[in-house]
Amino acid sequence: MRFAPNPNGPGTLGSARGMVVNSEYVKMYRGKFILRFDDTDPDIKRPMLEAYEWYLDDFRWLGVTPDQVVYASDHFPLYYDYARKLIEMGKAYVCFCKGEDFKELKDAKKACLHRGVSPEENLRHWEAMLAGEYEDQQAVLRIRTDIDHKDPALRDWAAFRIRKLSHPRPEIGNKYIVWPLLDFAGAIEDHELGMTHIIRGKDLMDSEKRQGYVYKYFGWKYPRTTHWGRVKIHEFGKFSTSGLRKAIEAGEYSGWDDPGLPTIRAIRRRGIQAEALKKFMIEMGVGTTDVSISMESLYAENRKIVDPIANRYFFVWNPVELEIADFEPTVAKLPLHPTDHARGIREVAVGNKVLVCRDDIEKLEVGSTLRLKDLCNIEITSLSSLQAKKSSTSLEDLKKMRGKIIHWAPVDGIPVRVRGPDSDIEGIGENGILVELDKIVQFERFGFCRIDSVDREKVVAYFTHK
RNA sequence: GCUCCGAUAGUGUAGCUCGGCCAAUCAUUCAGGACUCUCACUCCUGCGACUGGGGUUCAAAUCCCCAUCGGAGCACCA
């Protein structure tokens, strides 16, 4: 099987489906898995040099090693070779019609005058195409099918076009001006690579029938195919690489790995685990129906994986200072994990002032009792300047009074910026977060985050999910 | 306009190939409860679906036809 992206941008969640499902089938049936870069459009979906590496990187992250990595752009000689054969066989012809003219004829089931030209003459035209004697748009090579086929999508489709542009890969550069189109390149590639099974998007359902002509002419056996529908994610809606590019260029996002984007790079940065993504994709299956799924399902998978490994920390958003009268400075000892005690504790030095979330104290009144988690119970004595007095340290007392338990942070904690899919949140966290670079942590009563960067003044975390 | 494909709970999915074991699987969401010094995790309980109509058959989610709805292709993109 194969996964054949055009590296015109990084992999998205849609690509991830292709990576995961194909590779899982290969694993299941001990087949061969090929990553093929379908990079033969220098124009509309022009490849991005970095994206090749990004795909390889995403595969490494998924723990998948393709058996073979191939570049369609390395195979021009092969394509030209087969094209020549087809011309000689009278199964392909150079067409000089303007696009709209051909469409009109095709829709009327009428052949254009170039269709009747002899193979010898076509061969001359083909050589002239390759030699650069025609300009862009002037000529294409068409595969001869049935011009009166009842399905207009199958009538004499184009296999090559002229585009005098360079290819982003330096090893290709300006070498070629005649570019193979998807159905032709794909047909040749799949055969040459010995493909037995193909999964592709249902937008390519006609490819099998179109390519079927080429396979028939050469006497090849067509691989078994299946199709899947489009993935729509509630949180992102429909998305396309070109659409994302536009939004990034417009400054709506900070880059391809912005937490608001449905790219693999973005969800990696946010701390989604490869295993969770795999399960999510496998669960989606391979139906032809379009799926409209919520990230919640992915988060649920991820939460189960991440919960046992994430250390807990306090992070206070919208911080407000709270003074506790008669509080003896101490070093609080808090568990790094609520159930896995072997992980040890975190120590936080506290004086008579702490930071708490504004949301937590908003509905309080003087006299309310609440508990600073793992520290002590307090009774609010003033709201104008937030003050309290320590009432007890016993958890039982708090339970009797049905008080709330809230989290807190030391006044000399580290500023934390949490980058989320929709917005960023600033606050103060425990200094212990500084040692968690690149790890997934849980900010208690807030959610899971991946610590993206740390320095003495600031921590940047990427929000994973609640 | 022509052609092709699909339809199972809020969402995703199993079952459809070879009709009976399907009073329909699993997951997630949601509601309730237990546990818990987090609104996390875990556990328990509950709600919830075969698009509609015909036909074939002893028997239809499964086969056939029609309708409805949805998607895709008819590019010198992939």
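Because the structure is predicted, anything quoted here is derived from the model rather than measured. Atoms considered below: every heavy atom in the structure, side chains included; atoms not considered: hydrogens, waters and symmetry mates. The sequence lines fix the lettering, A, B, ..., with proteins before strands; numbering per chain opens at 1.
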Closest nucleotide of RNA chain B for A/His234 versus for A/Glu296: which of these residues is on the 5' side?
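Its nearest nucleotide lies further toward 5', so the answer is A/His234.
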
Assuming nearest nucleotide by heavy-atom distance, tell me which of A/Ser292 and A/Thr289 is located more 5' along RNA chain B.
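Here A/Thr289 is the residue nearer the 5' end.
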
Over all heavy atoms of both residues, which pair between A/Gly11 and A/Tyr55 is shortest? Give the atoms and the distance, please.
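Looking at all heavy atoms of both residues, the shortest contact is CA-OH, 3.6 Å.
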
Could you tell me which residues satisfy ring pair (Phe, Tyr, Trp, His ring centres under 6.0 Å) with A/Tyr313, sequence neighbours excluded, listed by chain and number?
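So A/Tyr313 forms no ring pair (Phe, Tyr, Trp, His ring centres under 6.0 Å) with any residue.
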
In chain order, what residues pass the ring pair (Phe, Tyr, Trp, His ring centres under 6.0 Å) check against A/His191, with sequence neighbours excluded?
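Ring pair (Phe, Tyr, Trp, His ring centres under 6.0 Å) check on A/His191 returns A/Trp220.
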
Under a 3.5 Å cut-off for both distances, is [N] Watson-Crick or wobble paired, and to whom?
N     : result
B/U68 : B/A7
B/C21 : none
B/C26 : B/G12
B/C50 : none
B/C74 : B/G1
B/U56 : none

Output the rounded distance in Å from [atom1] ([X]) to [atom2] ([N]).
X        : N     : atom1 : atom2 : answer
A/Glu235 : B/U11 : CD    : C1'   : 11 Å
A/Met281 : B/U28 : CE    : C1'   : 15 Å
A/Met284 : B/U11 : CE    : P     : 15 Å
A/Arg224 : B/U17 : CZ    : P     : 15 Å
A/Trp228 : B/G12 : CH2   : P     : 17 Å
A/Phe280 : B/U11 : CZ    : C1'   : 10 Å
A/Leu13  : B/G12 : CG    : P     : 16 Å

For [X], which residues count as a salt bridge (charged side-chain N to carboxylate O under 4.0 Å, His left out) partner, sequence neighbours excluded?
X        : answer
A/Arg161 : A/Asp41
A/Arg115 : A/Asp156
A/Glu235 : none
A/Lys304 : none

Classify every nucleotide of nucleotides 30-45 of chain B by which part a protein heavy atom approaches to under 4.0 Å, writing B for the base, S for the sugar-phosphate alone and - for neither, in 5'-to-3' order.
-------BBBBSS---

Sugar-phosphate atoms are those with a prime plus P, OP1 and OP2; base atoms are the rest. Using that split, label each nucleotide of nucleotides 69-78 of chain B B, S or - for protein heavy atoms under 4.0 Å, 5' to 3'.
--SSBBSBBB

Rounded [atom1] spacing from [N] to [M] in Å:
N     : M     : atom1 : value
B/A59 : B/A23 : P     : 15 Å
B/U28 : B/C22 : C1'   : 22 Å
B/U51 : B/A9  : P     : 7 Å
B/A60 : B/G19 : C1'   : 6 Å
B/A72 : B/U62 : P     : 27 Å
B/C43 : B/C5  : C1'   : 44 Å
B/U68 : B/A61 : P     : 24 Å
B/U57 : B/G6  : P     : 26 Å

B/C2 phosphate, OP1 or OP2, under 4.0 Å from A/Lys109 side-chain N/O:
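No.
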
Is the A/His125 to A/Phe96 ring centre distance short of 6.0 Å?
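For A/His125 and A/Phe96, the ring centres are under 6.0 Å apart.
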
Can you list everything that forms a side-chain hydrogen bond (donor to acceptor under 3.5 Å, both in side chains) with A/Tyr213? Sequence neighbours excluded, please.
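Expected list: A/Asp146.
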
Return the set of residues passing side-chain hydrogen bond (donor to acceptor under 3.5 Å, both in side chains) with A/Arg163 (not counting sequence neighbours), or none when no residue passes.
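Residues passing side-chain hydrogen bond (donor to acceptor under 3.5 Å, both in side chains) with A/Arg163: A/Asp43.
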
Quick test of your reading: applying salt bridge (Lys or Arg N to Asp or Glu O under 4.0 Å), list the pairs with at least one residue in residues 279-293 of chain A, sequence neighbours left out, ordered by first then second residue.
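Counting only pairs at least two positions apart or across chains, the salt bridge (Lys or Arg N to Asp or Glu O under 4.0 Å) contacts touching residues 279-293 of chain A are A/Lys202-A/Asp290.
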
Taking NZ, NE, NH1 and NH2 as the nitrogens, is one of them in A/Asp190 or A/Arg2 under 4.0 Å from a carboxylate oxygen of the other?
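So A/Asp190 pairs with A/Arg2 through a salt bridge.
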
With A/Arg450 as the cation and A/Phe463 as the aromatic partner, state whether NZ or CZ is under 6.0 Å from the six-membered ring centre and within 45° of the axis.
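No, A/Arg450 and A/Phe463 do not form such a contact.
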
Please list, for nucleotides 49-51 of chain B, all pairs of protein and nucleotide N/O atoms separated by less than 3.5 Å.
none

